Amino acid sequence: MHRVRKPRWRLLSAVVVLGVLPALAATPSAAAGLLPSTPPTFQHELLAKATPDECFDGIGQPYPAGPPCAQGQAKVNQAYVWSLARANDRLWFGTGANVNCIVGGTTLSRPNPRLNDDYVCEYAESQVVRQNPTMPTNVGDHRHPRAYVYDQSSRVLTEKTDDIKNASADDTSRLRRTLGLRAGATHQGVVILAGPALGQSVNMFAFDTVTGQYLGSTSFAKYGNIRNFVVADNVLYAGVGVGANGREGGYVLRWAGDRTNPFNFVEVGQLAAQVADLAVHEGRIFVSTWSAASGGALAAGSTARGSGLVGNLTGSLLGLIGIKPVEEADPGIAGVWMSPPLAAGEPGLTAGDTAGWKLVWSASSYEPDPIIAGTYGLGALMSYDGYLYWGTMHVPMKSTSKVAEVYPPGDEVEARALLENSQRAVSIFRGKRFGTLLEDVDLLYGEAKLPAYDATANDGAGAWKYTSTGHRALHGRIGFGNIYTNYTWTMEVAGGRLFIGTMDWSYLAKDLLPETAAQMGFRNAAKGLSSELDPIVIDPALYGGDLWMYESSLRPATAVNTKGLGNHLNYGFRTMLPDGANLYLGTANPMNLRTDPTDDVPEGGWELLKLTPVAD
């Protein structure tokens, strides 16, 4: 067994901001001989892409007519393929517009207009806000989402947005107030596209999958967010959040509808945090959640847990040495929850199962810093090769901002330490036999130690200390070796392989890091850092979303592509759908000013792609 050397990474480097971390030499010897000598290769095809839909002539200026734009420049607002579903050889999907601006204004609370060569966020200066005084300024770049269907046989893309807008004034108003069509599913002849709305509600829109006819829409005022659906034993389920952006807990809903009543749902699970994704594993539904605390300060103390037989039998002993079993974790922290058995009692989950869900893993069982643990989200999860796989989510600069609120840096040295130590990249886990004495949880990509802030160190001056996570990674380092790999966005199994689509925010970091540094007090941050410190530089080789793949539970993952599949402005793979060994992918690309096909920079706006394995 090799000795594991764990060098500290540096967020700020004289050459690049981290770059790619050295791989962790921790692959078990039993698996070493199973590593493929040549990873499989794939080819990708662009099926459809967002087109310019507006003209821009300066922050705060009226939008000229077009496109085509006789004045100003073309702008493409539709940024994400935010939902993707399939039925009858048709791909149904919904979009999200200017999502990076929305996240910056809401989650990061930075609604300051910004303009660069790649994108513009106008916020309060937007014509949308000026023409609608009740519009919250932090979502001033909101544009209503769009709905599409792509026919796989004819290869024709048809927009269905006007079907919604032409149905009634209520449907038009509901669409205009929808932040994005974030979740999609097809079941029993119905496709549902759903998403959070301005204010506090979830809006849903339904179509007939056979005829394509629009079936109507509705609003659920009780819920505030929705991300995904799943079908288990021929029953459709959805996960939602309660309150604004889902910060007041979550529910799992069972669909009880049909073509005549497509919006009939029954609550079958109530959780302490909003639901992010759902998967079927070991005869149950498992869901991932986002922290209800939204990154607020939490009680201090290590909460790493044991796993498997030892973790279940020795919880009291672990408590004596400062390690909490998962049962003692804050249920509002991002975690993995397990449903009652689907086969128990009536088929599927019912209203009687609402209180029967169990928290089986918590982010606080891995992250040693309690403030940073509160900023975690969990993303995709998927059953594969006998294990449940899941990964973490980290909004860029959110953890840094939350730590700075509690422990403001006093000078540039402290601010730099904060930047270097508070950022996180994705960690990937897997587990099986949950809730039994043989439960087993593995860290696949992550760290044995992470920096945690100790306010009592240095006689109360405080310091960052590398602290045990209670785990040892089997396959590699945090972020698959790249600190900018921040979202585990989607997972799917296709052709016997587990694909993991992530977000890589390195392209955004070249603008966000200097801006954050300036807000934290760095001198000359727009040009880098002060002369005593290293400049902020991003290695362009990192640009573009990363797609990873497992061929077996016995082997580490391999990179399918780390450059956005032909467009480095695709900073992530937001949605995926399997079709045999093939995979359909929807990208996230909010570079709304990159619309010139004649320059040497790829174009902004969402893309729908098909990934096909190449035969040997």
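Keep in mind the model is a prediction, meaning the values are calculated, not measured.
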**Study point:** Worked check of side-chain hydrogen bond (donor to acceptor under 3.5 Å, both in side chains) between Y376 and S362
**Key:** CA-CA 10 Å; Y376 272 57; S362 169; over 6 Å; no
Review point. Roughly how far, to the nearest 0.5 Å, is the CG atom of N592 from the CD atom of Q78?
Key: 11.0 Å
**Study point:** Audit row: Y543, I538, side chain to side chain contact (heavy atoms under 4.5 Å, CB included) steps and yes/no
**Key:** CA-CA 9 Å; Y543 296 163; I538 310 296; 3.7 Å; yes
Donor-acceptor check, side chain of [X] to backbone of [Y], threshold 3.5 angstrom: yes or no?
X: K49; Y: G604; value: yes
X: T587; Y: E607; value: yes
X: D208; Y: T211; value: yes
X: D277; Y: T490; value: no
X: T172; Y: S168; value: yes
X: T289; Y: G335; value: yes
X: N203; Y: R174; value: yes
X: S126; Y: E122; value: no
X: T137; Y: Y123; value: no
X: S399; Y: S422; value: yes

Review point. Checking ring pair (Phe, Tyr, Trp, His ring centres under 6.0 Å) for the pair H394/Y487: CA distance, chi angles, key distance, verdict?
Key: CA-CA 6 Å; H394 307 274; Y487 282 179; 8.3 Å; no
Under a 4.5 Å cut-off applied to non-hydrogen side-chain atoms, are [X] and [Y] in contact?
X: L84; Y: Y150; value: no
X: L547; Y: M576; value: yes
X: L179; Y: L198; value: yes
X: W505; Y: M503; value: yes
X: Q152; Y: L91; value: yes
X: W82; Y: V99; value: yes
X: R130; Y: E125; value: yes
X: T161; Y: H144; value: yes

Check your understanding: Think R227 forms a cation-pi with W290, using NZ or CZ under 6.0 Å from the six-ring centre and within 45 degrees of its axis?
Key -> yes
Review point. Y251 ring centre to K222 NZ or CZ under 6.0 Å, with the angle to the axis within 45°?
Key: yes
Exercise for review: Go through F220 and M204 one step at a time and tell me if the side chain to side chain contact (heavy atoms under 4.5 Å, CB included) criterion holds.
Suggested key: CA-CA 8 Å; F220 293 89; M204 292 190 182; 3.6 Å; yes
Do you see a donor-acceptor pair shorter than 3.5 Å between the side chains of [X] and [Y]?
X: T502; Y: Y484; result: no
X: D258; Y: T260; result: yes
X: N100; Y: Y571; result: no
X: R90; Y: T209; result: no
X: N589; Y: N570; result: yes

Minimum-distance pair of heavy atoms, taken over all atoms of [X] and [Y]:
X: G184; Y: S83; result: N-CB, 3.5 Å
X: A334; Y: S291; result: N-OG, 3.0 Å
X: G180; Y: P196; result: O-CD, 3.7 Å

Point to revise | side chain to side chain contact (heavy atoms under 4.5 Å, CB included), paired with V287, selected from N228, L378, L271, V230 | key: L271
Review point. Run the ring pair (Phe, Tyr, Trp, His ring centres under 6.0 Å) check on W606 and F93 step by step: do they pass?
Key: CA-CA 11 Å; W606 59 260; F93 63 96; 5.2 Å; yes
Check your understanding: Does atom CZ of R176 have more than 12 heavy-atom neighbours from other groups under 6.0 Å away?
Key -> no
**Study point:** CZ/R177: more than 12 non-hydrogen atoms of other groups inside 6.0 Å
**Key:** no
Review point. Is there a side chain to side chain contact (heavy atoms under 4.5 Å, CB included) between V395 and T375 once you walk through the steps?
Key: CA-CA 8 Å; V395 176; T375 70; over 6 Å; no
Check your understanding: Salt bridge or not for K510 and D118, using N-O below 4.0 Å?
Key -> yes
Review point. Can you list the steps and then say if L585 with F499 is a side chain to side chain contact (heavy atoms under 4.5 Å, CB included)?
Key: CA-CA 11 Å; L585 304 103; F499 291 87; over 6 Å; no
